[in-house]
Amino acid sequence: MLTRTVQVLAQAAWTPTAAAPRPAPALLAANERRRAPQAVLMALQAAEAAGAGAAVDLGSVATVFASAHGDLAIVDALCRTLADEPLLLSPLRFHHSVHNAASGYFAIGARNREASTAVAAGPWSFGAGWLEAAGQCAAEQRPVLLVGCDTAAPDGPLQSVNDSREALAVALLLAPPGAGGRGVRWQLQPGRFTPPPGNPMAAALGAAPAARLDVPLSAQLGLVIDVEAEGDRESGPA
Amino acid sequence: MPRLIASTLASAHGLGLDALAAALAANQSALQPNDSPDWPLATAVGRVAELEHQPWPADWQAWDSRATRLAWLGLQGDGFADAVLRARQRHGAARVGLVIGSSASTIGASESAYRQLAADGGFASAQRQPRLHTPHALADFVQQALGLQGPALTVSTACSSGAKALAVGERWLRLQLADAVVVGGIDALSGSLLYGFNALGLLDPQPCRPFDAARRGISIGEAAAYTLLVRDDEAAAGPDEDAVQLLGYGERSDAHHMSSPHPQGLGAEQALDAALARAGLDSAAAIDFVSLHGTGTAANDEVEAALLARRYAGSVHASATKGLSGHTMGAAGLLQALVCVLALQRGLLAGSGPTAAPDPAFGAAFAERWKARPAQRRIRRAASHAFGFGGNNCVLVFGC
């Protein structure tokens with residue numbers, strides 16, 4: 001299978017703590033920060049952190065937002081309202097429920113008019129986001145911001161069908177070879193995979209400074225991602 | 001750029017391309033008053049008749065929902081499943097990819113589960129299916145139904161989803177990640193969509209009338225549309241050399257508002273520019289037929305009417321089919337792609353259904369380009385607009 005290379009210019013992750021349960025990304029105006037769903041806040045916080053100090057302007061990159069489930073608290077509230085008092089569904093909640101909510105808020109906040117997509121692939125969603133972002137990077141030879149975010153299933157009915165119990169957002173700023181950063185080789189690899197449990201974005205966290213990651217895309221297909229060691233940095237000493 | 005070598009759909013017009021073509025040729029709207037007991041709202045819907053009463057394969061019991069039924073029904077038209085099987089045999093299952101564009105996926109199944117929870121507060125046992133209650137469920141189901149093992153992805157960017165799924169398929173082929181890609185656009189009626197658009201005040205109580213002065217909003221429809229995409233050199237070597245070609249696509253963001261379009265249509269126009277550039281066309285004057293997004297909302301139609309008048313030639317045949325099929329949400333971009341396929345392959349240029357005359361506020365240049373009635377004529381190039389919540393825009397260009 002064909003191997004492709006991208007450069008990782010920057011990376012960031014965000015997960016809630018007792019001290020900071022809800023992020024406050026500067027990309028959102030104060031009134032939007034108050035009302036935005038947690039998944040939107042987390043995704044924008046991670047995006048902002050990856051963009052800080054990177055040589056690429058967040059207003060000019062293509063973006064890929066990956067999430068298995070979107071914001072589960074929003075899904076829960078939507079389904080409850082529809083079951084109890086459907087006419088009370090709020091317009092705000094409805095537009096917060098679209099899978100590309102973070103993509104839309106990011107575009108507004110970063111004044112980014114480039115291509116933006118929102119993708120899902122169940123438990124395989126981080127790999128799917130990588131495939132779409134690294135794929136666009138290779139196909140269009142331009143930087144792509146990949147943001148992955150999944151939330152915890154809230155107490156209640158969704159926990160009977162969803163085993164995500166923690167919230168996690170990750171962001172990777174990818175660029176074609178020649179842009180500096182750390183080189184990463186990737187390719188498709190057929191195999192046998194079982195769905196990773198819990199938050200689907202946890203698959204992103206295995207990347208040690210030099211490591212090979214096997215990220216599943218489905219029960220029959222995976223991605224092999226080879227992270228080059230620091231010494232292999234394209235912009236580093238020969 | 002790749003070719004669309006097999007296509008089909010299930011919509012309110014029935015199963016298969018011939019059913020869609022017959023409705024377009026007759027300018028016959030499939031919108032009916034909404035009579036669903038689950039969603040008692042005074043509006044019109046483009047509903048697939050008897051979907052809930054179709055025989056459902058026993059093997060797929062865990063997957064039963066309105067949206068998966070729609071996805072399954074769509075696969076039965078036009079020998080599409082056989083065309084996919086041939087691609088699988090030729091290239092191997094691991095080399096056939098799948099991209100599904102869907103806005104709401106199986107949310108209707110989750111809504112229904114919330115209406116009949118088990119004693120422990122969780123979903124009832126028959127509905128306790130983790131793979132069904134997730135945005136990727138339709139792609140997961142179709143991948144199994146077609147026996148595909150290549151990359152599989154759900155694109156969910158509201159009403160541009162189905163159009164953008166074609167762009168993903170093109171990139172996978174170009175990067176050799178797959179040798180054939182099944183691209184689908186699927187959305188079924190659900191409470192979220194009906195009550196959501198009702199909450200926004202965007203449901204027309206009558207069948208929707210895009211670009212009419214009396215337009216009052218959208219009518220929601222449902223559809224499962226599919227096409228099989230292969231590289232041009234692959235198609236040229238076989239019997240598919242005359243298949244419609246995806247010449248270009250453009251994806252751009254408004255960066256303006258979550259549920260209203262940019263007032264000057266900036267993202268939409270940039271998406272058009274990007275699609276033309278990719279297709280190697282100097283201007284939108286090269287487009288003979290355009291399938292407009294045309295939802296029937298005050299804001300969308302105003303912005304899109306100005307874009308049409310500003311950029312397309314006076315001779316273009318422009319129409320909006322959402323008054324015929326309903327707004328099929330994430331499926332709309334792919335349904336309109338198939339409207340373009342019919343225009344290019346059969347010379348059938350769709351009309352605009354219930355809209356009798358365009359809003360005079362849009363001016364003479366719009367009125368010259370916009371067509372109420374269908375026409376029959378050979379054309380070379382067609383375009384399609386799909387704009388979604390979040391300010392997510394996608395324009396497609398096709399040729400033959």
Side-chain angles (χ1 to χ4, degrees), chain A residues 2 4 62 67-70 75 78-83 86-87 89-91 93-101 103-105 107-108 110-122 124-125 128 131-132 135-136 138-140 156-163 188 190 217-218 220-221, chain B residues 39 94 103 107 110-111 113-115 117-118 120-123 128-131 133-137 139-140 143 149-158 164 168 171-172 174-177 191-192 195-200 251-259 266-267 270 388-392:
Chain A
L2 201 59
R4 301 205 171 259
S67 177
H69 306 294
V75 175
L78 182 82
C79 289
R80 270 181 207 283
T81 305
L82 288 168
L87 288 170
L89 180 62
S90 90
R93 180 156 289 153
F94 177 56
H95 83 231
H96 281 165
S97 76
V98 294
H99 201 70
N100 60 322
S103 148
Y105 278 111
I108 295 167
R111 296 184 175 80
N112 182 319
R113 291 210 168 87
E114 300 303 317
S116 181
T117 195
V119 300
W124 331 100
S125 290
L131 184 69
E132 180 54 15
Q136 278 197 38
E140 306 299 311
L158 284 179
Q159 290 199 351
S160 66
V161 288
N162 193 309
D163 66 358
L188 295 180
L217 289 169
S218 71
Q220 313 89 14
L221 188 67
Chain B
W39 319 300
S103 182
I107 189 70
S110 308
E111 294 167 11
Y114 268 72
R115 289 197 296 265
L117 294 171
D120 68 356
F123 285 14
R128 212 167 272 207
Q129 310 290 348
R131 288 170 74 175
H133 299 281
T134 183
H136 189 54
D140 194 356
Q143 192 181 30
Q149 297 183 6
L153 185 70
T154 297
V155 174
S156 189
T157 54
K164 285 171 75 80
V168 175
R171 287 190 287 267
W172 285 1
R174 185 150 43 109
L175 293 171
Q176 313 277 337
L177 296 169
S192 310
Y195 283 101
F197 279 99
N198 182 63
L200 287 165
E251 303 166 274
R252 289 293 186 274
S253 305
D254 274 352
H256 171 70
H257 192 269
M258 277 307 288
S259 56
L266 206 57
Q270 289 183 2
F389 270 15
N392 200 291

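Every chain is numbered from 1, with letters handed out A, B, ... down the list of sequences. Computed from a prediction, not measured in an experiment: that's the story for all the values here.
- Note: A/Gln220 CD to B/Gln143 CD = 5.5 Å, rounded to the nearest 0.5 Å.
- For the options B/Gly390, B/Ala113, B/Ala199, B/Gly122, heavy-atom pairs under 4.5 Å to chain A are most numerous at B/Ala199.
- A/Thr81 does not touch chain B: none of its heavy atoms, backbone or side chain, sits under 4.5 Å away.
- There is no contact between A/Asn162 and chain B, counting heavy-atom distances below 4.5 Å.
- Note that CD1 of A/Ile108 and CE of B/Met258 are 6.5 Å apart. Values are rounded to the nearest 0.5 Å.
- For the pair A/Ser160 (side chain) and B/Phe123 (backbone), a donor-acceptor distance under 3.5 Å is present.
- Without hydrogens or angle criteria, B/Asn392 side chain to A/Ser116 main chain gives a donor-acceptor distance under 3.5 Å.
- Using a 4.5 Å heavy-atom threshold, the side chains of B/Thr134 and A/Val161 count as separate.
- Residue B/Gln270 touches chain A through its side chain alone, counting heavy-atom pairs closer than 4.5 Å.
- How far CD of B/Gln176 is from CG of A/Leu2: 7.0 Å, rounded to the nearest 0.5 Å.
- Partners of A/His69 by ring-ring contact (aromatic ring centres under 6.0 Å, His included), not counting sequence neighbours: none found.
- Contacts with chain A were tallied for B/Ala158, B/Ala94, B/Ala152; B/Ala158 has the most, counting heavy-atom pairs under 4.5 Å.
- With contacts defined as side-chain heavy-atom distances shorter than 4.5 Å, the pair A/Trp124/B/Leu153 does not qualify.
- The closest donor-acceptor contact from the side chain of A/Arg113 to the backbone of B/Leu266 lies at 3.5 Å or more, if one exists at all.
- Going from atom CZ of A/Arg111 over to atom OG of B/Ser253 covers 14.5 Å, rounded to the nearest 0.5 Å.
- Using a distance-only test at 3.5 Å, with no hydrogens or angles considered, a donor-acceptor pair links the side chain of A/Asn100 to the main chain of B/Phe389.
- Top candidate by heavy-atom pairs under 4.5 Å with chain B, chosen from A/Gly156, A/Ser125, A/Ala68, is A/Ala68.
- Of the listed residues (A/Pro157, A/Ala115, A/Ala83, A/Ser103), the one with the most heavy-atom contacts under 4.5 Å to chain B is A/Pro157.
- With a threshold of 4.5 angstrom between heavy atoms, A/Arg93 does not approach chain B through any atom at all.
- Between chain A and the residues B/Ala139, B/Gly150, B/Pro130, B/Ser110, the most heavy-atom pairs under 4.5 angstrom are made by B/Pro130.
- With hydrogens and angles ignored, the 3.5 Å screen pairs a side-chain donor or acceptor of B/Arg174 with a backbone N or O of A/Ala139.
- Proximity to chain A is limited to the backbone of B/Asp254, based on heavy atoms less than 4.5 angstrom apart.
- For chain A, the option among B/Pro135, B/Ser103, B/Gly191, B/Gly121 with the highest count of heavy-atom pairs below 4.5 Å is B/Pro135.
- With a 4.5 angstrom heavy-atom cutoff, B/Leu177 touches chain A via backbone and side-chain atoms both.
- Among A/Val98, A/Leu82, A/Leu217, the residue with the largest count of heavy-atom pairs under 4.5 Å with chain B is A/Leu82.
- Residues B/Trp172 and A/Glu132 meet the side-chain proximity criterion, which asks for heavy atoms closer than 4.5 Å.
- Side-chain contact between B/Ile107 and A/Leu78: present, with at least one pair of heavy atoms (C-beta onward) separated by less than 4.5 Å.
- Interface residue A/Leu89: backbone and side-chain heavy atoms are both found under 4.5 Å from chain B.
- For the ring-ring contact (aromatic ring centres under 6.0 Å, His included) test, no residue two or more places apart in sequence or in another chain qualifies with B/Tyr195.
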